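Below is one structure, written out as structure tokens, with a few remarks after it.
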There are 2 protein chains.
Amino acid sequence: MIFSKACEYGIRATIYIAQQSLNNKRPNLKDISKEIDSPEAFTAKILQQLVKGKVIQSVKGANGGFEINNKKMGKVKLKDIVKAIDEDFDYKICVLGLKLCSELRPCPVHHKYKHIKAELKNMLQSTNLLDLSDGLKDGKTCLRF
Amino acid sequence: MIFSKACEYGIRATIYIAQQSLNNKRPNLKDISKEIDSPEAFTAKILQQLVKGKVIQSVKGANGGFEINNKKMGKVKLKDIVKAIDEDFDYKICVLGLKLCSELRPCPVHHKYKHIKAELKNMLQSTNLLDLSDGLKDGKTCLRF
DNA sequence: ATTATATCGGATAAAATTATCCGACTTTTA
DNA sequence: TAAAAGTCGGATAATTTTATCCGATATAAT
């Protein structure tokens, strides 16, 4: 509802890759789509977008797969993942779809929604991959079903 | 992004009808889609759903159109409009698309998102049509562009 | 070098959402 | 009672999103 399916898969995939990278492993497409329970071919497309967007790195050939530079992990934000997949994602957008909605010329829901929008923006800008992959290793959080 | 286009049109249409009803006017399809700048035929479909969902009433024939019972206006919530159009809209849904995500078995974003979800739920359940149509009459709020 | 294992990239298909068209029906007004 | 002004409902089309397939290409291991 807030994210597209592609984005959902993309975020879940990235979190899994992050956690595996921290473990010095390099999962491939099959591993990933199995782990996050997503359609393999569709996931491949999304991973390509994430590579283009420099959120993850790919390694071709035998023993290849996808990985994330461990040192950069704290700097990759949820926003970066979303932007890599839905280029025109925008949390500034009006909840009723008005192009010109603003503080000065608000839609009827604007003032009721702006706090939510601000929190959403904050979450996307501040949450990083370390935060997200943290709960995974000890099974506190899940990526599928 | 959070609502479908159909929902956006539906909410805007309902707010306009509400404000006109308070003024003892009864706009028809053409009036409405002109006022909220939406495709006429598509808007017709959405208005039908709102009638079925008892959010608005329709009056056929010459001088007909759409209206809302003034006395019920304070009881019609944003949630009711959304539910009439996206039957399976659900603010409880997991932000990463997991069916079983919960407090006990959270996805990695769950705890970061749950406050936002709660506010969203609150907004949808508490905001009524009087709140929404209020700013319209004196031009404080807008419904198009 | 050859082979096995991967990603990459383009074409295509399926499904959902958004949008249009039009004939049927209903109600008011003249 | 006829005409005009509306909504209703079904069929259909266009667009976007989701999903699949497969040949090309790159890399590691043997």
Side-chain angles (χ1 to χ4, degrees), chain A residues 1-14 17 20-21 25-68 82 84-89 96-97, chain B residues 1-14 17 20-21 25-68 82 84-89 96-97:
Chain A
M1 121 193 173
I2 155 155
F3 295 134
S4 64
K5 267 252 144 299
C7 245
E8 289 177 2
Y9 295 148
I11 295 168
R12 279 151 60 191
T14 304
I17 297 166
Q20 292 298 96
S21 285
K25 288 178 188 167
R26 185 198 285 149
N28 64 26
L29 171 62
K30 197 165 278 183
D31 300 331
I32 295 167
S33 67
K34 189 167 291 177
E35 182 64 24
I36 70 170
D37 188 46
S38 65
E40 207 174 299
F42 189 42
T43 305
K45 292 293 183 212
I46 296 163
L47 292 173
Q48 276 183 51
Q49 290 180 274
L50 290 168
V51 170
K52 264 192 196 161
K54 313 210 171 173
V55 171
I56 63 178
Q57 284 77 50
S58 72
V59 177
K60 293 183 184 177
N63 219 359
F66 299 88
E67 61 186 19
I68 298 177
V82 173
I85 297 167
D86 285 5
E87 306 152 48
D88 50 347
F89 179 91
L96 294 190
Chain B
M1 126 194 172
I2 157 157
F3 295 135
S4 64
K5 269 254 145 296
C7 246
E8 289 177 2
Y9 295 148
I11 295 169
R12 279 151 61 191
T14 304
I17 297 166
Q20 292 298 98
S21 285
K25 287 179 187 166
R26 185 198 286 148
N28 64 24
L29 171 61
K30 199 165 278 185
D31 299 331
I32 295 167
S33 66
K34 189 169 290 179
E35 181 64 23
I36 70 170
D37 187 46
S38 66
E40 207 174 298
F42 190 41
T43 305
K45 292 293 180 210
I46 296 164
L47 291 173
Q48 275 182 50
Q49 290 181 273
L50 289 168
V51 170
K52 263 192 197 162
K54 313 211 172 172
V55 172
I56 63 177
Q57 285 75 49
S58 71
V59 177
K60 293 181 183 176
N63 219 359
F66 298 88
E67 62 186 20
I68 298 176
V82 173
I85 298 167
D86 285 4
E87 306 151 50
D88 51 345
F89 180 90
L96 293 191

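Chain letters run A, B, ... following the sequence lines, proteins first, then strands; residues in each count from 1. Bear in mind that the values here come from a model prediction, so they are computed numbers and not experimental data. For the numbers below, each heavy atom of this structure counts, side chains included, while hydrogens, waters and symmetry mates do not.
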Need one value for B/Leu47: base, sugar-phosphate or nothing, where a base atom within 4.0 Å counts as base even if backbone is also close, heavy atoms only. nothing
*asked:* Applying a 4.0 Å non-hydrogen cut-off, can you work out what A/Lys30 is touching in the nucleic acid: base, sugar-phosphate, or nothing?
replied: nothing
Distance, rounded to the nearest Å, where [X] contributes [atom1] and [N] contributes [atom2]:
| X | N | atom1 | atom2 | result |
| --- | --- | --- | --- | --- |
| B/Glu8 | C/dA19 | CD | C1' | 15 Å |
| B/Arg26 | D/dT7 | CZ | C1' | 12 Å |
| A/Asp37 | D/dA19 | CG | P | 11 Å |
| B/Phe42 | D/dG9 | CZ | P | 17 Å |
| B/Gln49 | D/dC8 | CD | C1' | 13 Å |
| A/Leu50 | C/dC8 | CG | P | 11 Å |
| B/Lys45 | C/dT20 | NZ | P | 12 Å |
| B/Ile36 | C/dT18 | CD1 | C1' | 14 Å |

On DNA chain D, more 5' by nearest nucleotide between A/Thr43 and B/Leu29 is B/Leu29
Using a cut-off of less than 4.0 Å, is there contact between a side-chain N or O of [X] and OP1 or OP2 of [N]?
| X | N | answer |
| --- | --- | --- |
| A/Tyr9 | D/dT18 | no |
| B/Ser58 | D/dG6 | no |
| B/Gln48 | D/dT7 | no |

task: Kindly assign one of parallel, tilted or perpendicular to the pair B/Phe42 and B/Tyr9, based on the angle between their ring planes and the thresholds 30° and 60°.
output: perpendicular
Compare the minimum distances between each of [options] and the side chain of [X], then state the nucleotide with the smallest one.
| X | options | answer |
| --- | --- | --- |
| A/Asn28 | C/dT7, D/dA19, D/dT20 | C/dT7 |
| B/Phe66 | D/dT18, D/dC8, C/dA19 | D/dC8 |
| A/Val51 | C/dA19, D/dT18, C/dC8 | C/dC8 |

Report task. For A/Lys5, look at atom NZ and say whether over 12 heavy atoms of other residues, nucleotides or ligands are found less than 6.0 Å away. Result -> yes
Between B/Ala84 and B/Gly53, the two heavy atoms sitting closest are CB-CA, 4.3 Å
Closest non-hydrogen atoms of B/Ile56 and B/Thr14, given as atom of the first, atom of the second and distance, are CG2-CG2, 4.3 Å
Worksheet entry | Base C/dG9 to side chain A/Lys52, donor-acceptor N/O within 3.5 Å cut-off | no
Mind checking the [atom1]-[atom2] spacing from [X] to [Y]? Nearest 0.5 Å is all I need.
| X | Y | atom1 | atom2 | answer |
| --- | --- | --- | --- | --- |
| B/Arg12 | B/Ser33 | CZ | OG | 11.0 Å |
| B/Leu29 | B/Ser38 | CG | OG | 8.0 Å |
| B/Lys52 | B/Leu47 | NZ | CG | 13.0 Å |

Protein-nucleotides 27-30 of chain C N/O pairs closer than 3.5 Å?
{"unit_1": "C/dT27", "atom_1": "O2", "unit_2": "B/Ala62", "atom_2": "N", "d": "3.2"}

request  = Would you sort out whether A/Phe66 and A/Val51 count as a side chain to side chain contact (heavy atoms under 4.5 Å, CB included), showing the intermediate values?
outcome  = CA-CA 9 Å; A/Phe66 299 88; A/Val51 170; 4.0 Å; yes
